[in-house]
Amino acid sequence: QLSQVEMFFAQYGMTIPGVIPTCEPAYDPTANKVLDVDNRLLNRFIPSDYMRGALVAPLQSPRAAGLQLVQDEATSWIGRLINHVMSGDAECVAYFMNWVAHIFQNRTKANTAWLLTGTQGTGKSALFQYVLTPLLGDTNTRLIELDTLNEKFNAFQESSLLVMVDEVDIRNHPAKLQLKHRIKGMITNAKISVRSMQRDSRDARSWNSFIFTSNEMFPLELEDGDRRFHIPAYQTQKINPQWVDPDMFLKELRAFATLLGSVVIDEKMLNFPIMTEQRSNTLDMTQHSSHQLNNWTRDGELFKVASFLPP
C-alpha cells in the first residue's frame with residue numbers, strides 16, 4: 001500500500017527525493033566546509049573577500065611589516081591612520097600588526113585586547129569601520145557600547161571574530177565590579193555561556209578578540225600583573241579630516257591584507273602586552289586609587305569612601 005507521500009509523487013510522475021539531513025547551525029572560522037554532513041553542522045562563518053583571495057608575499061616579522069605599512073605607498077593611507085591611532089609609536093604599530101595578523105590568518109581568539117584612548121576624532125572609529133570591518137567581513141565584526149556587556153543576552157559573542165566596545169569608562173559605572181570581571185573573562189576565556197532570546201543558554205567556543213576605545217585617559221583599572229591589555233599613548237591630536245577617506249582605504253585593503261598574510265606571528269608579542277608609559281600610568285592610577293581607598297577606610301573617612309563608590 002502506497003503512503004500518501006508516495007501517492008503524491010506518483011500522481012505527478014516524480015521520484016521521491018532522498019532524505020535531507022537536518023543540520024545544526026554553528027560558527028567556526030577555522031573550518032573550510034560550509035556544510036558538514038557527517039557532523040550535521042552548517043557553518044555560519046562567511047570569510048571576507050580578502051580572506052578568500054589573500055595574495056602570497058615574502059614572510060617577514062611584525063616589526064618589518066609595521067615599517068612597510070607606514071612607508072609603502074600601497075598602504076600609505078591605512079598606515080597613516082593606524083600610526084595616528086597608535087600615537088606615532090612604531091613598536092605599538094608592530095604589536096598591532098602582529099595582533100591583527102593573528103586574527104586574519106588564524107581566525108582564533110588573540111587572548112589580549114587593545115585599549116585605544118584619545119580625544120574625540122583621533123581615528124579610532126574610522127579604523128574599525130573602514131579598515132578592520134571590511135578586512136574581516138561585516139558578519140564577523142561587532143560594534144557595541146559598554147552597557148551591552150552588562151545585558152542578559154550576549155549572542156554577539158557567539159558569531160564574531162572582532163568586537164569593538166566603544167566609549168568605555170567603567171570607573172564610576174554602577175556595575176563596575178561586574179563589568180571588570182566580565183571584561184577579563186571575555187578577553188581570555190576559551191568558552192562562553194551564550195544567552196539568546198527564546199533559547200536556553202548553551203556553551204560555545206569564544207572566537208572574539210576585543211578593542212576597547214575611550215575619550216578618557218584612564219577608563220579602565222588594571223590589576224597588578226595584568227597580561228590582557230595593550231595600551232598605546234593617549235592621542236591628544238585629532239586626525240586631519242582629509243586623512244580619513246573611505247575610498248582610499250578601500251583601494252588599499254587588498255595590499256593591507258597581503259601585508260598581514262606575510263607576517264610571521266610572534267606569540268610573545270601576541271600574548272604579552274607591550275609595556276608603554278600609558279599602560280604603566282594606568283597601573284599606577286589603579287594602585288593609587290585602591291591604596292587611597294584603603295587609607296580612608298582605615299582612618300574612618302566614610303564620606304571620602306562614599307564619594308569613591310559608584311553613584
Side-chain angles (χ1 to χ4, degrees), residues 62 65-67 69-72 75-101 103 110 112-136 141-149 162-173 183 187 209-222 228-253 256 259-260 273-283 285:
L67 288 174
L69 170 74
V70 176
Q71 297 174 359
D72 195 333
T75 55
S76 60
W77 284 77
I78 293 177
R80 183 166 54 188
L81 174 63
I82 292 176
N83 188 59
H84 187 82
V85 172
M86 297 293 149
S87 297
D89 188 326
E91 190 70 353
C92 281
V93 172
Y95 268 74
F96 188 72
M97 286 293 288
N98 187 69
W99 190 81
V100 176
I103 300 170
T112 51
W114 285 82
L115 174 58
L116 305 179
T117 60
T119 189
Q120 189 173 5
T122 56
K124 301 182 291 292
S125 296
L127 173 60
F128 182 81
Q129 181 178 355
Y130 300 126
V131 178
L132 299 178
T133 293
L135 174 75
L136 301 174
T141 57
R142 298 287 186 276
L143 173 63
I144 63 173
E145 297 180 350
L146 179 64
D147 284 336
T148 303
L149 303 183
L162 179 63
V163 178
M164 188 170 96
V165 187
D166 199 20
E167 300 299 337
V168 172
D169 187 358
I170 72 169
R171 295 168 303 170
N172 296 314
H173 197 283
I183 288 172
I187 295 172
S209 297
F210 290 87
I211 295 175
F212 298 84
T213 69
S214 181
N215 297 334
E216 303 298 324
M217 186 169 288
F218 302 110
L220 296 178
E221 295 180 352
L222 299 187
R228 290 178 174 84
F229 283 99
H230 304 276
I231 313 178
Y234 184 89
Q235 177 56 276
T236 60
Q237 301 297 317
K238 293 187 177 185
I239 193 169
N240 187 332
Q242 295 181 350
W243 293 0
V244 181
D245 188 329
D247 291 334
M248 293 305 298
F249 296 146
L250 183 62
K251 289 179 181 178
E252 293 186 353
L253 271 172
F256 183 56
L259 182 58
L260 290 172
I274 181 172
M275 297 306 296
T276 61
E277 183 177 357
Q278 180 71 12
R279 178 179 161 82
S280 297
N281 290 341
T282 302
L283 283 166
M285 286 291 295

- Heavy-atom check, side chain of Leu127 versus side chain of Phe96, under 4.5 Å: yes

- Message: To the nearest 0.5 Å, what is the distance between CE on Met164 and CG on Leu116?
- Response: 8.0 Å

- Item | Contact summary for Pro232 and Met86, nearest pair of heavy atoms | CG-SD, 3.6 Å

- Is Leu143 close to Val163 at the side-chain level, that is, under 4.5 Å between some pair of heavy atoms? no

- Message: Between Gln235 and His84 (side chain of the first, backbone of the second, donor and acceptor by atom type, cut-off under 3.5 Å), is there such a pair?
- Response: yes

- To the nearest 0.5 Å, what is the distance between CG (Leu259) and CG (Asp72)? 8.0 Å

- Flag side-chain contact, heavy atom, 4.5 Å: Thr117 against Gln278: yes

- Query: Does any N or O in the side chain of Thr122 come within less than 3.5 Å of the main-chain N or O of Lys238, such that one atom is a donor and the other an acceptor?
  - Reply: no

- Task: Go through the steps to decide whether Phe218 and Tyr234 satisfy the test side chain to side chain contact (heavy atoms under 4.5 Å, CB included), and finish with yes or no.
- Result: CA-CA 9 Å; Phe218 302 110; Tyr234 184 89; over 6 Å; no

- Step by step, would you call Leu222 with Arg279 a side chain to side chain contact (heavy atoms under 4.5 Å, CB included)? CA-CA 9 Å; Leu222 299 187; Arg279 178 179 161 82; 3.9 Å; yes

- Task: Step by step, work out the side-chain hydrogen bond (donor to acceptor under 3.5 Å, both in side chains) result for His230 and Thr112.
- Result: CA-CA 7 Å; His230 304 276; Thr112 51; 3.2 Å; yes

- Task: Can you measure from OG (Ser280) to CE (Met275) and round to the nearest 0.5 angstrom?
- Result: 4.5 Å

- Message: I'd like to check Phe210 versus Trp114 (side-chain heavy atoms, cut-off strictly below 4.5 Å). Are they in contact?
- Response: no

- Item | Trace of the side chain to side chain contact (heavy atoms under 4.5 Å, CB included) decision for Thr119 with Gln237 | CA-CA 7 Å; Thr119 189; Gln237 301 297 317; over 6 Å; no

- Roughly how far apart are Leu220 CG and Thr282 OG1, rounded to 0.5 Å? 8.0 Å

- Hey, does the side chain of Ser87 reach the backbone of Ala233 with a donor-acceptor pair shorter than 3.5 angstrom? yes

- Message: What I'd like to find out is whether the side chain of Ser76 reaches to under 4.5 Å of the side chain of Glu252, using heavy atoms alone.
- Response: yes

- For Ala126 and Val244 the tightest heavy-atom approach is CB-CG1, 4.0 Å

- Message: Show the nearest heavy-atom pair for residues Val168 and Ser214, with the distance to one decimal.
- Response: O-OG, 2.6 Å

- Query: Under 4.5 Å between any side-chain heavy atoms of Ile103 and Ser209, yes or no?
  - Reply: yes

- Query: Do Phe229 and Phe212 have ring centroids that are under 6.0 Å from one another?
  - Reply: yes

- Distance (rounded to the nearest 0.5 Å) between Leu81 CG and Ile78 CD1: 8.0 Å

- Task: Check the pair Trp99 / Ile211 against side chain to side chain contact (heavy atoms under 4.5 Å, CB included), numbers first and verdict last.
- Result: CA-CA 11 Å; Trp99 190 81; Ile211 295 175; 3.7 Å; yes

- Query: Just wondering, do Phe128 and Asp166 contact through their side chains at under 4.5 Å, heavy atoms?
  - Reply: no

- Task: Ignoring hydrogens and angles, state whether a donor on the side chain of His173 or Asp147 is under 3.5 Å from an acceptor on the partner side chain.
- Result: yes

- Query: So, do Thr276 and Cys92 sit near enough that their side-chain heavy atoms are less than 4.5 Å apart?
  - Reply: yes

- Query: What's the spacing between Asp169 CG and Arg171 CZ if we round to 0.5 Å?
  - Reply: 4.0 Å

